[in-house]
Amino acid sequence: MTAGNDTRSIAVLFVCLGNICRSPLAEAALRAIAEREELDIVVDSAGTGDWHIGHAPDARAQEVARKLGRLSIATMQARQVNAEDFDRFDYILAMDTNNFDDLRAMQPPGSKAQLSMFLDYLPGHEGGSVADPYYGDERDFEACWRQVSAAAEGFVKAVRPPAPA
Ligand code: 4NP
């Protein structure tokens, strides 16, 4: 893997229920931060559910990524999390406690991924869930974007190796 500066490569998977709202936004936010910081982080997202496999992100998620993040997520395609993901990724970050419980139940014993709640990386929100904006409106999607962006900044701070002396 190519290494930007002093970093080692890590692989991160975001997981929500449908993989069309929260986890694609988290994926886009972390990828943008990694590019900005020249960090070598592989980023992907998936859903615990199978209803939206192959679908592009929800139009409202696409709009908020474009408007607040200046990012296009239109070509992303939803997929379902699978057992192999637990060995492909170093970190699997759950958006809510239901996702976390489902992931813990399917994690193969001895697999490498460290499973945690994404908001464990957002100071003051440890153990909390990213609210599902699917049944909400544009404001809920904006709040979701801001929260996953802040948590992605926290994640990068937590995993970034110290600069060489
Ligand atoms: P997500 O939101 O888990 O953030 O992608 C949802 C998307 C679809 C559904 C529920 C939540 N659904 O019931 O289809």
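Scope of the values below: all heavy atoms of this structure, side chains included, with no hydrogens, waters or symmetry mates. This structure is a prediction, so every number in the text was calculated from the model and none was measured. We count ligands from 1, going down the list as the structure has it; atoms in each ligand are counted the same way.
For the pairing with Arg22, the salt bridge (Lys or Arg N to Asp or Glu O under 4.0 Å) check across Asp96, Asp140, Asp58 returns one residue only, Asp96.
The pair Arg60-Asp137 fails the salt-bridge criterion, with no side-chain N (NZ, NE, NH1 or NH2) lying under 4.0 Å from an Asp/Glu carboxylate O. Using a 4.0 Å cut-off between a side-chain N of Lys or Arg and a carboxylate O of Asp or Glu, Arg31 and Glu35 do not qualify as a salt bridge.
Between Thr48 and Gln80 there is no side-chain heavy-atom pair separated by less than 4.5 Å. By the 4.5 Å heavy-atom criterion applied to side chains, Leu17 and Asn98 are not counted as neighbours.
Contact residues of ligand 1 (protein heavy atom closer than 4.0 angstrom to a ligand atom; sorted by chain and number): Cys16, Leu17, Gly18, Asn19, Ile20, Cys21, Arg22, His52, Asp132, Tyr134, Tyr135.
Residues Asp120 and Ser116 bring no donor and acceptor atom of their side chains to less than 3.5 Å of each other.
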